[in-house]
> 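Dropping the structure in here first, questions after.
A, B, ... follow the sequence lines: proteins, then strands. Residue 1 opens every chain.
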Amino acid sequence: MTENLLDKGYDPKAVEFRWYQYWEENNHFAADESSDNPSYSIVIPPPNVTGVLHMGHALNITLQDVLCRYQRLLGANVLWLPGTDHAGIATQNVVERNLAAKGLDRYAMGRDDFIGAVWEWKDKYGSTIINQLKRLGASCDWSRERFTMDEGLSRAVRKVFVALYHEGLIYRGSYIINWCPRCRTALADIEVEHAEHEGRLYHIRYPYVNGEGGPIVATTRPETMLGDTAVAVNPEDERYRDLPDNHVVLPLTGRTIPVIYDDYVDMAFGTGALKITPAHDPNDFVVGERHQLPGIKVIGDDGIMTAEAGAFAGLDRFECRKQVLKALEEQGLLVKVEDHAHSIGHCYRCQTVVEPNLSPQWFVKTRPLAEKAIAAVENNNTRIIPEKWRNDYFLWLENVRDWCISRQIWWGHQIPAWTCTDCGFLVVSEEDPDQCPECKGSALVRDNDVLDTWFSSALWPFSTMGWPDKTPLLGKFYPTSVLVTAFDILFFWVARMMMMGLHFMKDVPFYDVYIHALVRDEEGKKMSKSTGNVIDPIDVIENYGTDALRFTLAAFAAQGRDIKLSEKRIEGYRNFINKIWNSARFAFIHIDKETMPGAQSQRLTLPDRWILSRLRHTADSVAEALDDYRFNEAAGTLYQFVWHEFCDWYLEAAKPALYGKTDEPSRNAAIGTLWRVLHDALILLHPFIPFVTEEIWQKLPGTKGSIMQSHFPGRDPTLPENQKDPAAESDMELVMGIITAVRNIRGEMNISPSVALSVFVLTGDNGTLDKLRDQAGLIRTLARIEAMTLTHSGDKPKASATAIVKNVSVSVLLEGVIDVSKESLRLDKEIAKLDKEINMLSKKLGNNDFVAKAPPDVVSQVRQQHAEHTEKMKKLEKNRQTITELQADRG
RNA sequence: GGGCGGGUAGCUCAGUUGGGAGAGCGGCGGCCUUACAAGCCGUAGGUCACAGGUUCGAGCCCUGUUCCGCCUACCA
């Protein structure tokens with residue numbers, strides 16, 4: 001026995017940083033552009049550069065890391081390409097806040113200085129999230145880290161923009177868009193979050209020109225009436241067929257506006273009369289275009305009423321609503337106010353109420369691109385897993401509207417478009433132009449807008465690999481193997497990558513899209529800072545270790561269901577990590593460099609053969625599960641195997657041999673088996689819990705290098721060492737059954753574990769008897785039996801508690817140990833239980849339809865079970881009788 | 001308004017071609033047995049939301065009801 005290499009408990013802090021550094025320094029994360037091994041590639045969903053690690057990232061990164069580490073063990077040449085996203089609006093907001101604290105604002109600074117300040121901020125804090133990913137153990141190829149604003153990616157963005165423009169797939173135009181008055185920028189449709197809101201529906205009378213009567217319109221946003229340019233009614237509507245006047249006076253402004261007829265108007269809603277505000281409502285905008293109505297912008301880009309609002313100019317839009325209502329009421333024009341629930345759009349970055357606003361913007365014509373993206377998934381060129389997301393993907397792409405890509409902020413890729421102030425020509429070009437190609441003038445003014453961050457993210461799978469250059473990296477790793485992400489960016493990102501990838505690479509960006517769950521709190525609520533229910537992954541890592549966090553996330557990552565996380569669970573898996581640690585600690589007592597060569601014994605005992613067979617099943621199950629992205633099953637299988645088969649049974653079963661209580665060949669076989677199982681189990685576990693497995697691996701005799709360079713076990717089922725051993729499994733099951741039966745009796749009879757038992761084992765089957773003789777020592781040790789009689793005939797002692805295990809009757813002698821009356825109760829309970837089962841099986845077999853129509857193997861299975869149970873029942877009843885007689889004898 | 005997901009042990013959840021339901025935690029009882037008390041041994045607990053239907057047989061398939069969650073939508 002040697003001095004143990006491992007401390008008594010596993011201390012993650014002591015090892016995590018060390019091994020991460022070791023892996024990085026030895027380039028174990030690096031993809032090899034010249035390798036001939038099969039390629040496997042993943043591009044990371046780039047976290048925001050302003051981001052701080054949350055549980056969603058932790059899950060996302062863990063799953064990707066499991067896949068990458070697994071693939072490396074299979075021998076693949078893995079590229080996991082990391083990076084961050086410049087997150088235009090979010091980052092600009094953060095930096096603006098910082099500046100505001102110093103009394104500065106971007107307008108005062110000017111564009112160049114402001115962008116300089118953002119870069120400064122990025123250089124200082126941009127690596128925060130990257131360092132946090134490293135703490136999770138992410139095995140990304142950091143030598144290839146990219147940023148959406150770096151030079152290469154910016155070149156790709158520009159190339160794509162110009163190409164799409166010249167193909168007619170990007171255009172500029174004045175349309176109504178979603179405007180965030182706080183961020184002061186346009187937003188794409190999906191960047192608006194809708195929330196149900198208890199609002200009011202105001203009924204307002206618009207009098208005819210003569211001041212009399214007039215239609216009543218209903219609106220939830222009275223302040224926009226100042227920009228009304230018509231009242232619309234349905235042409236079918238009897239109520240408005242013969243109006244005394246086809247013009248009304250717009251209250252509070254005195255403007256005269258027409259009554260128009262449009263079948264867009266729903267006669268059933270409100271009064272059937274609709275006010276039309278083309279500049280502040282997307283539907284009104286469309287109606288307005290149809291009728292050539294002007295749009296009057298009464299709400300400014302800052303959310304303040306414009307000069308067009310007349311007396312209300314200068315008021316905040318919400319204050320204006322109050323004032324308008326007050327004025328209308330005074331004039332007796334506010335005829336009714338009703339409660340009305342409706343949904344209101346909010347900016348997804350700052351939650352400000354979004355204002356539909358008319359302004360010149362750039363758009364991507366989405367439909368032609370979307371068609372190809374739909375087809376690729378329909379044809380299974382890209383698989384979406386779980387499949388249920390396919391529908392959402394199709395539905396969204398089929399109904400997608402043009403994508404507003406211009407943002408009125410400064411941080412981002414500035415649009416490569418210039419207008420000639422002399423002739424008005426629009427130049428869109430990859431290179432900054434010196435002169436107008438039309439009039440040769442030099443008065444070119446660049447468009448101030450930048451592109452939506454998602455525009456650059458959409459190119460991520462190929463821009464990060466060097467596109468537009470034809471790089472070896474692209475050749476080797478595009479399309480990527482899988483994209484791992486949560487459903488909340490299926491439309492923002494996944495769909496757009498599909499569109500851009502197919503258009504510019506002529507191939508899908510990924511073969512698989514694995515959509516994982518959202519991480520929620522214990523009550524199922526979305527974790528958010530404002531509700532204060534966030535569990536910070538870094539805190540968890542500090543308290544429980546990275547491996548515990550990773551294993552927890554993987555174990556709960558069932559497809560299609562969100563994860564409700566609580567510390568209690570993490571603690572449970574922390575215990576599992578510790579269990580692994582201690583099993584290794586135990587192994588190291590027995591395995592050392594000197595005994596290793598002698599451990600190759602062929603004289604395997606039953607427990608050796610059993611655990612090796614179970615190991616092979618486990619390796620197969622883990623591989624199958626991971627191949628199908630069933631992370632929770634892989635984790636669960638490993639948990640069950642390591643804890644309940646290896647630790648609970650095998651280690652206990654091997655102890656007598658290991659401690660030299662049997663013979664030398666058995667001891668060597670046990671040491672060899674112990675080594676093999678630990679060795680292979682570490683590899684199987686490594687993708688999930690890289691740190692503790694590396695730490696143990698490094699100390700396990702007979703290994704060299706990193707566990708990352710090892711090979712996934714059991715891949716070739718034709719090799720003899722990968723054969724399963726069903727005979728050993730079934731024999732061991734009998735042995736374990738007998739041991740459990742004795743323990744059960746001990747527990748039920750309240751016999752202290754310290755009391756050694758006498759046991760009488762009876763079986764009519766000589767083959768079984770021989771097997772049990774071979775395992776007698778094992779049974780005696782694990783069940784704490786002092787004297788064990790094994791026989792094929794004879795009567796069991798009367799004063800005993802008996803259990804039936806398969807074709808074996810196991811009797812624990814109670815004389816002198818305990819009162820036999822307890823046994824009578826115990827037997828009653830067991831008989832009742834068995835009786836219920838026999839009844840159920842009899843009923844089945846008595847059903848002619850079942851016997852005739854069910855598959856023969858099912859019927860024979862039920863028959864066999866029925867026979868076995870009946871046999872067992874006979875024995876139990878006999879035992880019951882013996883006990884009853886015994887009780888009677890004793891009066 | 002439309003669509004999707006879920007309701008299984010006290011709690012949190014598994015359950016992959018339909019053959020009579022599992023785990024972890026918690027509970028209860030007993031153990032400091034020389035890897036581990038972050039542990040070991042044993043044990044209780046379920047009309048699988050409700051109602052029908054298909055089937056020899058349904059947690060699983062179909063219909064309806066109900067509750068919860070999410071996504072989506074231009075009825076002001």
> Would you say A:Asn848 reaches B:C56's phosphate, i.e. side-chain N/O to OP1/OP2 under 4.0 Å?
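No.
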> I'd like to know whether CZ of A:Arg383 has more than 12 heavy-atom contacts from other residues, nucleotides or ligands below 6.0 angstrom.
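Not more than 12 within 6.0 Å, no.
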> To the nearest Å, how far apart are A:Gln640 CD and B:A14 C1'?
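Atom-to-atom, A:Gln640 to B:A14, this comes out as 13 Å.
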> So what's B:A58 paired with, Watson-Crick or G-U wobble, going by both distances under 3.5 Å?
none
> Rounded to the nearest angstrom, tell me the gap between atom CG in A:Leu841 and atom P in B:G20.
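Rounded to whole Å, this separation is 10 Å.
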> Grab the CD1-C1' distance between A:Ile384 and B:G5 for me, whole Å please.
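Between C1' of B:G5 and CD1 of A:Ile384: 17 Å.
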> Please evaluate the base of B:C25 for a donor-acceptor partner in the side chain of A:Lys568 within a cut-off of under 3.5 Å?
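No pair found.
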> Quick one: A:Asp189 CG to B:C74 P, roughly how many Å, whole number?
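Rounded to whole Å, this separation is 8 Å.
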> Can a side-chain donor-acceptor contact be found between A:Lys844 and A:Ser842 if the only test is distance below 3.5 angstrom?
no
> Could you state the atom-to-atom distance from CZ of A:Phe394 to C1' of B:G2 in whole Å?
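Rounded to whole Å, this separation is 19 Å.
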> Answer with yes or no whether the side chains of A:Asp189 and A:Asn178 bring together a donor and an acceptor at under 3.5 Å.
yes
> Send over the distance from A:Phe576 CZ to B:C25 P, rounded to a whole Å.
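Going from A:Phe576 (CZ) to B:C25 (P), I get 12 Å.
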> Rounding to a whole Å, what distance do you find between A:His644:NE2 and B:G39:C1'?
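That distance rounds to 12 Å.
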> In whole angstrom, what separates A:Tyr348's OH from B:C71's P?
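Taking atom P of B:C71 as the reference, OH of A:Tyr348 is at 15 Å.
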> Classify the angle between the aromatic ring planes of A:Phe641 and A:Phe646 as parallel (below 30°), tilted (30 to 60°) or perpendicular (above 60°).
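Taking A:Phe646 first and then A:Phe641, their aromatic rings lie parallel (interplane angle under 30°).
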> Could you give the distance separating B:G59 and B:G22 at their C1' atoms, to the nearest angstrom?
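Here B:G22 and B:G59 have their C1' atoms 12 Å from each other.
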> Is it true that the side chains of A:Thr224 and A:Lys275 contain a donor and an acceptor less than 3.5 Å apart?
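Note: A:Thr224 and A:Lys275 side chains meet the donor-acceptor criterion.
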> May I ask which nucleotide in the shown strands pairs with B:G1, Watson-Crick or G-U wobble, both distances under 3.5 Å?
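Partner of B:G1: B:U72.
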> Using heavy-atom distances to pick each residue's nearest nucleotide on RNA chain B, tell me which of A:Asn582 and A:Lys844 is more 5'.
A:Lys844
